[in-house]
**Student:** 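One structure is given below, represented as structure tokens, and several questions about it will come after.
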2 protein chains.
Amino acid sequence: MRGSQAPTLEAVARAAGVSRSTVSRVINNLPGVSKRAKLAVDRAIAELRYVPNQAARNLVTRRTNSIALVVSERGDRVFSDPFFAKILRGVYAGMAGSRRQLVLLMDQDREDGALEAYLCGGHVDGAVVVSLHRGDPLPARLVEAGLPVVLVGRPLADVKVPYVDSDNFTGAVTAARHLVSSGRRKIATIAGPQDMAAGVDRLNGWQAGMVEPADRIAHSDFSVEGGARAMAELLDKYPDIDGVFAAADIIAVGALRTLAEHGKRVPDDIALVGFDDSVLATTTAPQLTTVRQDVEELGRTTTWHLLAQLAGEQVLPPSVLLPTALVERSST
Amino acid sequence: MRGSQAPTLEAVARAAGVSRSTVSRVINNLPGVSKRAKLAVDRAIAELRYVPNQAARNLVTRRTNSIALVVSERGDRVFSDPFFAKILRGVYAGMAGSRRQLVLLMDQDREDGALEAYLCGGHVDGAVVVSLHRGDPLPARLVEAGLPVVLVGRPLADVKVPYVDSDNFTGAVTAARHLVSSGRRKIATIAGPQDMAAGVDRLNGWQAGMVEPADRIAHSDFSVEGGARAMAELLDKYPDIDGVFAAADIIAVGALRTLAEHGKRVPDDIALVGFDDSVLATTTAPQLTTVRQDVEELGRTTTWHLLAQLAGEQVLPPSVLLPTALVERSST
DNA sequence: CTGAAAGCGCTTACAG
DNA sequence: CTGAAAGCGCTTACAG
């Protein structure tokens, strides 16, 4: 990189007329440097446009000043769901001022064990792992290898890894109660993937919020197509439903499409509640009533948690649950 | 990282009964190692769960095995526009198999010069820079510092930096011709930001594709709100328009909202063409006729270009233009 | 407050 | 085909 003769610490020391130790102290803001020496060093650094070699630093300090964001999901899903964009934004915001860099890792690196090798190989100081599925051994392995890890989203397995999640359960309860209290009587749900806590918790919450038996259930992944399909399934099995809780806005978008195709009016014939309050919720017609979760905050809090861990803080809560809230729009 | 006693090359050498040099040769797949030695080394590596220390490697090879994706844009825009998600996906896909990692850098690091220092400080082997605005000195500086760089999107300044872009001009020509040939006579455009090539080229293309004087223009940034505002402006200044080319789907979404508020039917009263063919185009009602650009391919091609440069390939085209195409839906 | 020296864990000529 | 040795550019006790 940068020509062949990037200036070294040595060069700065010579130019400033001090030792390498002193230059190092100035660079790292260590105490015990005379004003005079510091001045000379600062000047030399500016003059030579000196930038410390990170590799040399990492080698000796055994830190990398970077953390990984591991998205345990296939690329096509990652990038079609606004959820990940917001997580990324939150993580990035959470790192601001930490002087650390973000390395992005995705599922495609997992095939040959490259991802685990990388993470355990001392290339990053810690990791935020998002979108974990049931039975994934990754977090346990990372922790075992001594890597500080914080998860976005509750893990379904009983692993001792701290996590930050939205209160999906309570959010779903609220959604169900909203449908009930607005007079809907035949309420169904399109549940999300049951191999993820978000899917499980929202289904449980919906059931807990219902008064009648809550057994009108169709399943979907977090995608428009899945939502469209699941909605068709519901209409087929329960032609008289008048309310639906979709476990994600992206699912609700698909459901809306199917409802339109079947000539069902929303909310007149069927009320629809989503989950997320993503950008999607306001681009649909009608705009979606939905359960708001602050996904960016989720990413930010998770990152803070990790950074605090790296800073050696001890009294960290083992996990954090962020509040959710109903946002009423035109679909109910 | 990883406990305190990660095994080193030295340990592997001892365990295998060979020298460090030989172990290094095996690890790096260099020729000139006997089958016997290689076997012993491989076994020792597996036994000790040895993972090479990247910092030490970087220090001596002067390579980092990572490249940067620099998004020269404020976070709030980056993460609300599907464009960046697709770019990221493309870049990531383009890196597959390169054994390199992706470091994400955003505008927030620019304030104190940290971003430039990082990039020029030998922390990455090269950079993909996206969303450049007019007059940004960054690419020139990076190139000057000897860092291989490829831009996503044509730079407006006359810098000698390779780039990959969609053929925005031709796409916009097609959009204008489509409106004209479908019988619209009072056609307007909502132009994108004129400090970016995408905005400039699409405006020029629209004008080139028109037959009558093309002067019904409102300006917007790439946002829903901007599009809504610009559409209101157009309706106010040119109440008789019957066709609009919006320079991006996200702008068209805002325009649709305003049109609905004003009781204008699409496409009956006013035909609307977007640009991008993003997910937004199919979640609106009516679905958008739009100009498709393959943003993921844009990211992928840019990354290939960079990797080829890093691999020392000489006959690289200085820039690449990817095709665009009209996708007809219900808004025209 | 300052400097000489050791050492972080690799790769790479060089000699055999 | 193999190994001894130098060196990459830093930080960090240690001695003064």
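Below, chain A is the first sequence line, B the second, and so on; all start at residue 1.
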**Student:** So what does B:S21 touch, heavy atoms closer than 4.0 Å: a base, only the sugar-phosphate, or nothing?
**Tutor:** base
**Student:** What range of DNA chain C does chain A touch, first nucleotide to last, counting atoms under 4.0 Å from its heavy atoms?
**Tutor:**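 Range of nucleotides within reach of chain A: C:dC1 to C:dG9.
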**Student:** Test side-chain hydrogen bond (donor to acceptor under 3.5 Å, both in side chains) on A:T8 and A:N53 and set out the steps.
**Tutor:** CA-CA 8 Å; A:T8 68; A:N53 179 307; over 6 Å; no
**Student:** Taking it one step at a time, do A:E296 and A:R300 satisfy salt bridge (charged side-chain N to carboxylate O under 4.0 Å, His left out)?
**Tutor:** CA-CA 6 Å; A:E296 188 178 335; A:R300 201 184 306 125; 3.2 Å; yes
**Student:** Using 0.5 Å steps for rounding, measure from the CZ atom of B:R134 to the CG atom of B:L156.
**Tutor:**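 Nearest 0.5 Å value for the CZ-CG distance: 4.5 Å.
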**Student:** Can a side-chain donor-acceptor contact be found between A:N28 and A:R57 if the only test is distance below 3.5 angstrom?
**Tutor:** yes
**Student:** Any Lys/Arg nitrogen of A:R14 or A:E10 sitting under 4.0 Å from an Asp/Glu carboxylate oxygen of the other?
**Tutor:** yes
**Student:** Let's see if you get this right: which residues in residues 9-19 of chain B place a heavy atom under 4.0 Å from DNA chain D?
**Tutor:** B:V18, B:S19
**Student:** What heavy-atom pair brings A:L310 and A:P148 nearest, and what distance separates the two atoms?
**Tutor:** CD2-CG, 3.6 Å
**Student:** Indicate whether the side chain of A:S72 and that of A:D136 have a donor and an acceptor atom separated by less than 3.5 Å.
**Tutor:**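 A pair is found: one side chain offers a donor N or O, the other an acceptor, under 3.5 Å apart.
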**Student:** For DNA chain D, which ranges pair as stems of 3 or more consecutive Watson-Crick or G-U pairs, with both donor-acceptor distances under 3.5 Å?
**Tutor:**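 The stems are C:1-3 with D:14-16, C:5-12 with D:5-12, C:14-16 with D:1-3.
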**Student:** Quick check on contacts: within residues 26-40 of chain A, what sits under 4.0 Å from DNA chain C by heavy-atom distance?
**Tutor:**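 The answer is A:G32, A:V33, A:S34, A:A37.
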**Student:** Between NE2 of A:H123 and CG of A:L119, what distance do you get to the nearest 0.5 Å?
**Tutor:**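 It is 9.0 Å, given to the nearest 0.5 Å.
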**Student:** Sort and list the pairs that fulfil side chain to side chain donor-acceptor pair (under 3.5 Å) and have at least one residue in residues 302-311 of chain B, not counting sequence neighbours.
**Tutor:**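 Found none.
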**Student:** Are B:D125 and B:T64 close enough that a side-chain donor and a side-chain acceptor fall under 3.5 Å?
**Tutor:** yes
**Student:** Assess the side chains of B:D165 and B:S319: does a donor N or O sit below 3.5 Å from an acceptor N or O?
**Tutor:** no
**Student:** Show me the pairs that pass salt bridge (Lys or Arg N to Asp or Glu O under 4.0 Å) and involve residues 25-41 of chain A, at least two apart or across chains.
**Tutor:** A:K38-A:D42
